[in-house]
Each structure stands twice: as C-alpha cells, then as structure tokens.
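Scroll down for the structure; my scribbles are underneath it.
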Number of protein chains: 2
Amino acid sequence: MNAAMKDSPATQGMNREELRLAAMLKALGNPIRFRMMQYLAENRMCITGDIVAFTSLAQSTVSQHLKVLREAGLIEGEVEGPATCYCISAEGLRFLKSKISQWLPGCCEPDSDAGTSSCC
Amino acid sequence: MNAAMKDSPATQGMNREELRLAAMLKALGNPIRFRMMQYLAENRMCITGDIVAFTSLAQSTVSQHLKVLREAGLIEGEVEGPATCYCISAEGLRFLKSKISQWLPGCCEPDSDAGTSSCC
DNA sequence: ACGTAAAATCGTAATTTTACGATAAAATAG
DNA sequence: CTATTTTATCGTAAAATTACGATTTTACGT
C-alpha cells in the first residue's frame, strides 16, 4: 500500500480523516519508524545523519523511512544548508492522539468479569 | 515481522509495553484490519462469517487477519458452538489509548507560527 | 457413527515492504 | 568553478505480508 493510501477495496467507505489515521498507524507500525519517532522526540530535532547513526541502517534506508513518516504527516523536514533537519510534527501528533482517543467510543468499558471478558 | 514482534535490530531497546504498543500499531496499520475493528465496534460482537461478508475476502484470509488482531490483544474470540464470536478487547483498546495519549509527551504543543512549524 | 456448518490451518502465488549500493541533487567552502 | 558534505532518489534483491483454495479441526444435529 502506498503512503498516500489510495482507494482500494480495503479503503472503501473510509473518509479522509480515517484514511489519514490509518496511514499514520501504518507508518508507526514499523518498529524502526516507531523508534525514530521516539529518538526524534527525545532530541527535539536532528538531521538525517543523526538518525542514521542511531539506527545503524544504510543512509538510503533511513531516508526512505523518513519519507514515509513525512508523508504520513508525523514529522517535518526543513533544509538546513546541505543537511535536512527533522522534527516531530506537533499538528500530526495532536491529530493522531485526538483521533485515537475518540476512536471506537464506548468500547473501553471494563467488563463485568475482569480478566477474560466474555463477548457472547 | 511476526505478531509476537520478537527481538531484532529494530526492536532493541524497547520495553515490553512499547513492544505491545508497536504490535498493536502494526496490526492496525492494515486498512482491512482497521475497518474490521470499526465493524466489530459498531456491531458489538459478531462471528467470523459476518466479517467475511462485510469484507468480501476469502474466509481463510479473514481468519488470518482476525488472528493478527487477536495476537495483538485488540480483539477476543470465544468459541460459540461451531462458530467463533469476536469482540473488541476493552482492555486492549484501553491500553492502546492510554499509551498513545502518554506517548512522546511534550511534543504536541502548537508552534508559535501556526501551520508550517519550523523545527530549526 | 455420519453429515453438516463454521472456522482454523496449510501450502503457495502475488504483491508489498524493506534494505542496500550506486548515483544524482543541493548547498557550502575554498 | 571544483571539491566536499549531506541527503534524496533510483534500481534491485531479499524478506515479509496478503490473499486464495484446499484441507483439517471442532461442535452440533440426526
């Protein structure tokens, strides 16, 4: 599936916001990208090279992962001389947290019998 | 990556809860599984066959997707006669929402200049 | 025990993702 | 202008995911 999460049998009937949320979840579903986000959050901002050193992956691979995160709206990059400076997208992260907190309302109530909740 | 999200270069340095969160995000990163969750939430509970009809995928494919969601702790299945009845895991969803809301604290503040936030 | 219904698992093909090296592009320094 | 530094993009191989049909398992009627 492309980062744009274009229309397909799987995405039929999803509105724009749901599609964006799904794209974010897909981007974060990769543990390397998940950790990149954490690293970026801890360091506030950094350039590609910092993340390459952190992950010990090839530079081209890191660049691809950064692209996925960027296209999902989770990070923002800004050319800073020859380098590119990345940081968490506050708007994106707010969107993610907001949508997740509202997602599937009324499904989080603890079951009467704690532990193994019987659904039937 | 397996549903168990076993240790690998990518998951080094992640604790158990982070691994569980990452596994959930990975499971939800697939738009079909994302929609299955929504369908399940709307219908409160249903059997595999209902979801097969909803998705118009092969029964074996749906069964695989359900397994991924189950192993991520997002749904629960219970044998009910010859069928299996599935429902959202309240505990799992609570875990997801809780962890996401706490994730990367301090990264959601709106930037001084709304819109294009400059990170450098 | 036999047949039916529903779901899980198996084996495998098609697609997608991930990763890498090589190359190209952009900015700066000399 | 040339060399250097940093990153992005391209082409491609390896790995993982997704999907399907066929088979097996499980539970229930008769």
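Here is the naming used below: chain letters follow the sequence lines, and residue numbers restart at 1 for every chain. Values below: all heavy atoms of this structure, side chains included; hydrogens, waters and symmetry mates excluded.
Under a 4.0 Å N-O distance rule, the pair A/Glu71/A/Arg33 does not qualify as a salt bridge.
The main-chain N or O of B/Trp103 is found under 3.5 Å from a side-chain atom of A/Lys97 such that the two form a donor-acceptor pair.
Between B/Phe34 atom CZ and D/dT18 atom P there is a gap of 15 Å when expressed in whole angstrom units. The distance from atom CD1 of B/Ile75 to atom P of C/dA7 is 12 Å, rounded to the nearest whole Å. Distance A/Leu57 CG to C/dC20 C1': 10 Å, rounded to the nearest Å. Put simply, NZ on B/Lys26 is 11 Å from C1' on C/dT16, counting in whole angstrom units.
Contact between B/Ile88 and B/Leu93 at its shortest, heavy atoms only, is CG2-CD2, 4.1 Å.
In this model, the phosphate group of D/dT18 is approached by a side-chain N or O of B/Asn30 to a distance below 4.0 Å at OP1 or OP2. Between B/His65 and the phosphate of D/dA19, there is a side-chain N or O to OP1/OP2 separation shorter than 4.0 Å.
Judged by closest nucleotide on DNA chain C, A/Ala58 is the one of A/Ala58 and A/Gly81 placed further toward the 5' end.
Linking Ile, Leu, Val, Met, Phe, Trp and Tyr whenever their side-chain heavy atoms come within less than 4.5 Å leaves A/Ile47 and A/Met45 in two separate clusters.
Partners of A/Ser98 under the side chain to side chain contact (heavy atoms under 4.5 Å, CB included) rule, at least two apart in sequence or in another chain, are A/Gln102. Looking at residues two or more places apart in sequence or on another chain, you find no salt bridge (charged side-chain N to carboxylate O under 4.0 Å, His left out) involving A/Arg70.
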* **Under 4.0 Å protein heavy-atom contacts per nucleotide of nucleotides 4-11 of chain D, with B for base, S for backbone only and - for none** => -BBBBB--
